[in-house]
Amino acid sequence: MTTAKASRRLLTWAAVLLLTAAIGFAAVEVTRISFEHSYKNVLDTEAKRRAIEIMGVTMNGNVMGSVAAMGLVSQKIKSVGRGQKTLDSEVIEVFEAIGKAYDANGVYVVNSGGIVKSCWFTMGKTLTGVDVKFRPYFQIAMQGKQNVYAAIGTTTGQRSLYFAAPLYDKVSGSSPVIGATVARLNLDRVDSILKAWPGPSLLLSPQQITFASNHENWIEQMATGATPEQLKSIRALKQFGNTYDNGTPKTLPFDLSSEIVSVDNHRYAVARAAVQWNDPHGDWTLVLLGDLDELMPSSLRTVIFTASSALILALSAIFMAWRERLQRANTARDQAEAELKTYTLKLESDSMIKSYLAEVAADLHQAGSTVEFARIFMHHVTSRIEADYGAFYLWEEKSNHLIPIGGHGALPDELQQIKMGQGLVGQCAKGRTPINLSDDSNTDIRIVWGNGKIAPKSIVILPVVSVDHLLGVIVFAALQSIDSEKRALLDAMMPMVAINLEILERNLNTQTQAEILARQQAQLLDTETWYRGIIESAPDGMLVADENGVIILTNPRVDEMFGYRSGFLIGQKLEILVPDDVRNHHPKLREGFMHTGTTRDMGVLDKELRGVRQDGSEFPVEVGLSRLPALGGHGMCVCASVRDMSQRRKNQV
C-alpha cells in the first residue's frame with residue numbers, strides 16, 4: 001500500500017510537473033505571440049509615419065514647392081521654355097539660388113519637346129541641349145502632375161532624385177503645359193530617414209529593386225528573383241543605370257513576402273508602407289524590419305516559465321507581467337498614432353502655407369514697382385498675421401539709408417529714412433538678424449487707432465536678405481501677441497520675398513538702362529538731323545567724310561560744283577575729287593584732310609589745291625575743315641567746306 005501510494009504520488013508529481021512545464025511553455029508562447037502582435041501594430045504605424053516623412057521631404061517638401069513655383073510663376077523661365085530666350089543670367093541665378101538652398105546638384109528647364117533649354121549644374125558637363133523626353137519624370141510633368149523620379153545615373157552611377165513639375169504657359173495651373181522644371185538632388189534626405197530606424201530598413205522600387213537601405217550591401221539587390229522578361233524590361237527602362245546590364249542581379253537573403261523573416265539568426269517582423277511619387281510604374285514601398293528577439297530575451301523566458309509554474313502566485317506573476325508588457329505596447333502604439341496625427345496635421349499646415357506663399361509670390365511677381373510690391377505684400381500679410389502696423393523699408397546702398405516705400409497703420413510722415421545702425425530698424429539691417437519685442441513701450445512705433453496712437457504689444461522686425469545681400473527691412477506690430485505660428489509663416493515668407501524683390505529690382509534697373517540708351521540715341525539722331533540741315537542749306541559746297549575718308553554726306557552745291565548727280569558721291573572715297581597727280585604725289589592727303597583748318601594749313605598739300613570734275617576738268621579750290629561728333633555710328637567725322645577759286649584766280653590775273 002505504501003508502495004502504491006508512493007507510486008501514485010510519484011505519478012501525481014510527475015503529472016503536476018508535466019502540467020507545470022506545459023503551462024510554463026504555454027505561458028511563454030502566449031506571451032511571445034501577444035508581444036509580437038502588439039509590436040506588429042506599432043511597427044505598421046511606424047512604417048506609415050516614416051513613409052509620410054519621406055513624402056514630406058520629397059513630394060510635399062520645400063524642394064518640390066520651389067520647383068512648382070518656378071513652373072507656375074516665373075515669366076523668364078516660361079520664355080526660356082517657349083524658346084523665346086536663350087541662356088539668361090537671371091534664370092541661371094534663380095536656378096543657382098534654389099540649387100544652393102536645397103543642396104541640389106542640378107536645376108533646369110525642359111521645353112515641350114523634351115530638350116533641356118537652360119541648366120544650372122554642378123556635376124561635370126552641362127545638361128543644356130540634352131534630350132530627356134524619354135524620361136518618365138518629364139512625361140508625367142507634361143501631363144500636369146508633379147512627381148519625384150528616383151534613378152541611378154548611367155554615367156555617374158550615383159542614386160538621384162528628380163523633382164519635376166509642369167511648366168505652365170501662364171500663371172495658372174489650368175493653362176497649357178509647355179514644358180517642365182526639374183531639380184536633381186542626391187538621396188541624403190531619404191537615406192537619413194532610413195538610417196534613423198534602429199533596425200534594417202529598405203526602399204523598394206515598383207520593380208522590387210532595393211534602391212536605398214541602411215544596409216549598404218542590400219542596395220541594388222532585388223526582393224524577389226526576376227524573370228528574363230522582367231530583366232529585359234528593367235534594362236530598357238534605364239532607371240537604374242547600367243547596374244543590371246550584365247549577369248543576373250542578386251536577391252535579398254530573405255523573403256519580404258512573409259510577415260516574419262530571419263536575418264543573421266534574428267527573427268524580424270516586416271512592415272510595409274506605400275510612398276507615392278507619381279511613378280508611372282506604381283508606388284514605391286518603404287519596408288521596416290523590427291527585431292522580435294529583443295521582445296523576448298532568454299532571461300525573460302526563464303522568468304515567465306518559472307513564475308507560471310508556481311501555481312496561483314506564479315500565474316498571478318505571469319498575468320501581471322503580460323498585462324504590463326501589453327500596456328507598454330499599447331502605450332507605444334497610442335503614442336505613435338498620436339505622433340502620426342500631429343505630423344499629418346503639420347504636413348497639412350505646411351501644405352497650406354506653401355499654397356499661400358505661391359499665391360503671394362504670384363501677386364508679387366505682377367508688381368511693376370517697389371512701391372506696388374510693398375503695397376501687395378502688406379495687403380496680403382497684415383491681414384494674415386492680424387498685424388495692426390506695418391512698414392517696408394528698401395535698402396539704398398548709395399545713400400546708406402533705408403528708404404520707406406510702404407506702410408500699414410502708420411501716418412506717412414512717420415515713416416522716415418533710417419541710417420544703417422540707427423534705431424531698431426537700422427540695427428536689424430546692420431546685424432541682418434530678426435528682432436522680436438513684447439510689451440516694449442520704449443520704441444517709437446505707434447499704431448494709429450481712430451484719432452489716437454497706441455503702443456503695440458508685439459513687434460517683429462525682419463531683414464530681407466538674398467545670399468548675404470541686404471535688400472530691405474520689414475516691420476510688423478500688433479495690439480495682440482504675434483504667436484509662433486505666425487512667426488513661422490513670416491520666416492517662411494522671407495526667402496520668397498527676397499527672391500522676388502531682387503528680381504523686380506533687376507528688371508527695373510534693366511528698364512531704366514534701356515530708357516537712358518533710348519534717350520541718348522534720340523539725342524544723337526537729333527544732332528545728326530541738325531547737322532544735315534545746316535550742311536544742306538549752306539551756300540558753299542559742303543561734304544562730310546568719316547575717319548576712313550569715305551564721303552557720308554554732301555549738299556547740292558558740292559554735287560553741282562563737281563558735276564555729279566545728287567547722292568552719287570555718297571560712299572565714294574575723297575580721292576575721287578582730286579586729280580591723279582595730286583593723289584599720287586600726296587599719299588598723306590587723307591591724313592591732312594582729317595585735321596581741322598584750311599588748305600593753307602596742310603603742309604603736305606600743293607600751294608594751290610585743285611579739284612577734278614566728273615568730266616575730268618580741273619579747277620582751283622579752297623577747303624575749310626572742322627571736326628564733327630560721331631554721325632550715324634561712323635565714329636569721328638570731318639566737315640569740309642569747298643569753294644571754287646576759278647573766278648578769283650581770273651580776277652587776280
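Along the sequence shown, residues are numbered consecutively beginning with 1.
Proximity of Y149 to N278: side-chain heavy atoms (C-beta onward) are nowhere separated by under 4.5 Å. At a threshold of 4.5 Å between non-hydrogen side-chain atoms, the residues E90 and T510 count as touching. Between V109 and L167, the closest side-chain pair of non-hydrogen atoms falls below 4.5 Å.
For H379, the NE2 atom counts as loosely surrounded, since its 6.0 Å shell holds 12 or fewer non-hydrogen atoms of other residues, nucleotides or ligands. For CD of Q480, the number of neighbouring non-hydrogen atoms (other residues, nucleotides, ligands) closer than 6.0 Å is 12 at most.
The only option from M70, E96, K100, R184 that meets the side-chain contact (heavy atoms from CB on, under 4.5 Å) definition with V107 turns out to be M70.
Across V275 and A51, no two heavy atoms sit closer than the pair CG2-CB, 4.1 Å. In terms of heavy-atom proximity, L415 sits nearest to P404 at O-CG, 3.3 Å. Of all non-hydrogen atoms in L424 and I461, the two that sit nearest each other are CB-CD1, 3.6 Å.
At a cut-off of 3.5 Å, with distance as the only test, no side-chain donor of N214 or W197 sits close to an acceptor on the other residue. N105 and T122 share no donor-acceptor pair across their side chains, judged by distance under 3.5 Å alone.
For the atom pair OG1 of T370 and CZ of R375, the computed distance is 12.5 Å after rounding to the nearest 0.5 Å. A distance of 12.5 Å separates CD in E53 from CZ in R189, rounded to the nearest 0.5 Å. Summarising the geometry, atom CE belonging to M496 is positioned 11.0 Å from atom OG belonging to S66; distances are rounded to the nearest 0.5 Å. Atom CD1 in I503 sits 11.0 Å away from atom CD in E505 (nearest 0.5 Å). Note: D283 CG to W277 CH2 = 11.0 Å, rounded to the nearest 0.5 Å. Taken to the nearest 0.5 Å, the CD atom of Q75 stands 6.5 Å off from the CZ atom of R82.
Proximity of a side-chain donor or acceptor of K78 to a complementary backbone N or O of K170 within less than 3.5 Å is detected. Judged by distance alone, with hydrogens and angles left aside, the side-chain atoms of S201 form a donor-acceptor pair with the main-chain N or O of L194 at under 3.5 Å. Q239 contributes a side-chain N or O that, together with a main-chain N or O of A150, makes up a donor-acceptor pair within less than 3.5 Å. Counting only distance, with no hydrogens or angles, the side chain of S369 and the backbone of E372 share a donor-acceptor pair below 3.5 Å. With T181 contributing its side chain and V67 its backbone, the two residues share a donor-acceptor pair below 3.5 Å. No side-chain donor-acceptor contact under 3.5 Å links D44 to the backbone of A271.
Screening residues 159-184 for ring pair (Phe, Tyr, Trp, His ring centres under 6.0 Å), with sequence neighbours left out, gives Y137-Y162.
The pair E386-K486 meets the salt-bridge criterion, since a charged nitrogen lies less than 4.0 angstrom from a carboxylate oxygen. In summary, D491 and R487 engage in a salt bridge, as defined by a charged side-chain N under 4.0 Å from a carboxylate O.
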